[in-house]
Amino acid sequence: MAGDALPLLKTTVPGPKSRALALQLHRYESRNVTYVSRHWPIFWQRAAGANVWDVDGNRYVDLTAAFGVANAGHTNPQVVSALRQQANQLLHAMGDVHPNELKLRLARVLVKLTFRRNARVVFGNSGAEAVEIALKTAAIHTKCPGVIAFTGAYHGLTYGALDATHRQHFRRPFTRQLGHFVDHFPFGEIPKYRNKYGAVLVEPIQGRAGIIVPPADFLPDLRRFCDRHGLVLIFDEIYTGFCRTGRWFAYEHWNVLPDLICLGKGLTGGFPLAACVGRAAVMDSWPASTGEAIHTSTFLGHPLGCAAALAHIAEMKRLNLADRALALGVLIAARMPCRGRGLMLGLPVRNASQLCEQLLQHGILALPEGDALGLTPPLTITDRQLNHALKIISQLVG
Ligand SMILES: Cc1ncc(COP(=O)(O)O)c(C=O)c1O
C-alpha cells in the first residue's frame, strides 16, 4: 500500500530547507498566521496514505489527517483521479446560476447519507461558511435571532461563526464587532430557555476544546429541549463527520437526528468544500430564488470539490472506514487513557504543544487539541504505523 511506511528522518527536524522557507514566509505572510520557532514548522512537499514527506526528504507518520481532512488517506488515488479527470473537463461552473451536474449528484448523496430523504443542501467553501449557512437558515426559519452554543465550542472564525466560537483568544480582538446573538452554556448541560432563542448549535463531540464526549443523555435531551421550544437543532459535524468517530456521523452514536448538519473537512479528503444539509421542512423556509440567491458565493458547489467529495465518499464506503476507525479507536483506548470515539481521540497530557514538537523530532506529526494530544490520523493508517506512533508517544509521555 502506498504511504504505509514508518518515519525516516534524513536531517534534524526541521531540516535546513524548511527553516529557510519558514524565515522567508515570515517576510511575506502576515506574522499571525504561521507559527515559527526553532522546532516548528516543517514544509510539506508530498503525502500519501498516512505518510507525509517534507522538503528536506524526511518522512513522517501523520496523526492529524491534516486537521481531520484526509480520512481516506492523503492523495487517495481515487480522489486524485477524479480531480484529474474533472480538471481536464471543467474547472469552474456558475454555482447558483448555471450549475454543473456534480453538484446535483453530491447533494443527492449527502441527503441519502444523512436524512435519507426530504432534505436539502446548501454548499459552501469552508467549515465556517457551512456554520454561517446553518445560522442563517435557522434565523429565516424561526425569525428568532438568539442562538445557544456551548463552552469550549469551536465553529470557525468568520464573524457569525466566531460569535458561536467560545474561546476568548479568537473573539477578543473583535468583540465590539460581533453580533452577540449567541449565548454560551456549559457543554453537557441543558440550557435555560428564553424567548429570544431560535437555534441550538453544538458539536456532538467537541474537537478543538480537547476531544470532549458529552454525557450520554446530553444530545437526546437537547433534541427534546429543541422540540419542546420549537428551536432548530444544528449539529456541527465538520470535525466528527465522515467516519471519523467510527460512524458516518457522530450523532449516530446517540441515535439523535438534528434539523441541520454542518459538514466540511473530511467531505472531500483535501479540497475546500463544505455543506449544510437540513430537513426540507426547515430548509424550505428559504424563499425560492427569483434570479438572485440570498446566500451564495462565487465558488458554490465547485466542480472539483464535488468530484473529490463523490470519490472520497465512495472510498470511505469501499474501505469501510467507519468500522476501521471504531476498531482502531478501541485498540488505542486499550493502550492509553484517551477520550473520544473512533479515530477522534485526545490523550490528556501536561504540555501538549511541547509534546507535539518532540513527536515531530521522532517523525510523528501531531497537534494539540485543548489540553490533550490529538490522535486523529487518516482512517487508513496501518496497524504498523499506528503501533509505531503509539510506542513513541508512550516513551515520551512516560
Ligand atoms: C467543529 C468545527 N467546526 C467548524 C470548523 C471551521 O472549519 P473551517 O476551518 O473549515 O472554517 C472547525 C475547524 O476546525 C471545526 O473543528
Side-chain angles (χ1 to χ4, degrees), residues 1-5 44-53 62 64-114 119-127 129-130 133 237-238 241-244 248-249 261-277 293 296-322 324-325 377-382:
M1 200 199 302
D4 65 350
W44 290 26
Q45 189 168 65
R46 67 188 171 97
N51 282 134
V52 172
W53 286 260
D62 177 23
T64 72
F67 309 125
V69 168
N71 288 7
H74 288 287
T75 55
N76 177 288
Q78 299 304 317
V79 175
V80 171
S81 158
L83 279 167
R84 276 223 175 90
Q85 217 176 322
Q86 186 55 41
N88 276 326
Q89 204 169 305
L90 179 76
L91 267 189
H92 172 58
M94 297 181 72
D96 64 317
V97 178
H98 297 302
N100 169 254
E101 188 183 336
L102 293 178
K103 184 174 80 161
L104 158 66
R105 283 175 42 200
L106 181 57
R108 190 162 49 206
V109 165
L110 291 180
V111 167
K112 285 209 172 121
L113 276 178
T114 52
R120 318 263 188 254
V121 179
V122 179
F123 287 106
N125 306 301
S126 66
E129 198 188 335
I133 294 163
E237 290 258 7
I238 288 163
F242 296 104
C243 307
R244 169 76 32 211
W248 272 88
F249 302 102
I261 306 169
C262 301
L263 301 172
K265 290 188 185 286
L267 167 60
T268 64
F271 192 93
L273 186 79
C276 174
V277 190
T296 184
S297 59
T298 303
F299 293 109
L300 182 148
H302 195 274
L304 287 187
C306 292
L310 286 164
H312 195 230
I313 290 168
E315 276 294 86
M316 288 186 278
K317 277 189 188 156
R318 185 180 72 83
L319 298 168
N320 208 356
L321 290 184
R324 177 154 182 80
L379 311 181
T380 55
I381 190 168
T382 61

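All figures in this text were calculated on a predicted structure; none of them were measured in a lab.
- Closest heavy-atom contact between V277 and A119: CG1-CB, 4.4 Å.
- Heavy-atom minimum distance, F123 versus E129: O-OE2, 4.4 Å.
- Contact record, A274 with G127: CB-N, 4.0 Å, taken as the closest heavy-atom pair.
- A65 approaches P378 most closely through the heavy-atom pair CB-N, 3.6 Å.
- Although no hydrogens or angles enter the test, the distance criterion places no donor-acceptor pair under 3.5 Å between the side chain of R244 and the main chain of E237.
- Note: F242 CZ to L267 CG = 4.5 Å, rounded to the nearest 0.5 Å.
- Contact record, C276 with I133: CB-CG2, 3.7 Å, taken as the closest heavy-atom pair.
- Distance check: W53 CH2 to Q45 CD gives 11.0 Å after rounding to the nearest 0.5 Å.
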Just do the side chain to side chain contact (heavy atoms under 4.5 Å, CB included) check on L321 and T380 with the steps written out, would you?
CA-CA 7 Å; L321 290 184; T380 55; 4.0 Å; yes
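- Side-chain contact check for V52 versus H74: some heavy-atom pair is nearer than 4.5 Å.
- Under a 3.5 Å cut-off, the side chain of T75 and the backbone N or O of A47 do form a donor-acceptor pair.
- Atoms CG and CG, on L263 and L113 in that order, are 9.0 Å from each other to the nearest 0.5 Å.
- Going from atom CD1 of I238 over to atom OG of S126 covers 8.0 Å, rounded to the nearest 0.5 Å.
- Annotation: side chain of L106 is in contact with side chain of L273 (closest heavy-atom distance under 4.5 Å).
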Under 3.5 Å donor-acceptor pairs involving side-chain atoms of residues 303-315, not counting sequence neighbours:
unit_1: H312; atom_1: ND1; unit_2: G266; atom_2: O; d: 2.8
unit_1: H312; atom_1: ND1; unit_2: G269; atom_2: N; d: 3.3
unit_1: H312; atom_1: NE2; unit_2: A72; atom_2: N; d: 3.1
unit_1: E315; atom_1: OE1; unit_2: R318; atom_2: NE; d: 2.7
unit_1: E315; atom_1: OE1; unit_2: R318; atom_2: NH2; d: 3.3
unit_1: E315; atom_1: OE2; unit_2: N76; atom_2: ND2; d: 3.0
unit_1: E315; atom_1: OE2; unit_2: R318; atom_2: NH2; d: 3.2

Can I get a per-line list of side-chain donor-acceptor pairs under 3.5 Å for residues 92-102, giving both atom names and the distance, sequence neighbours left out?
unit_1: D96; atom_1: OD1; unit_2: T296; atom_2: OG1; d: 3.3
unit_1: N100; atom_1: OD1; unit_2: L102; atom_2: N; d: 3.1

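- Distance check, rounded to the nearest 0.5 Å: CH2 of W44 to CG of D62 gives 4.5 Å.
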L300 and K103: side chain to side chain contact (heavy atoms under 4.5 Å, CB included), yes or no, with the steps?
CA-CA 9 Å; L300 182 148; K103 184 174 80 161; 3.8 Å; yes
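- Partners of H302 by side-chain hydrogen bond (donor to acceptor under 3.5 Å, both in side chains), not counting sequence neighbours: none found.
- Interatomic distance, CD1 of I261 versus OG1 of T114, reported as 4.5 Å (0.5 Å rounding).
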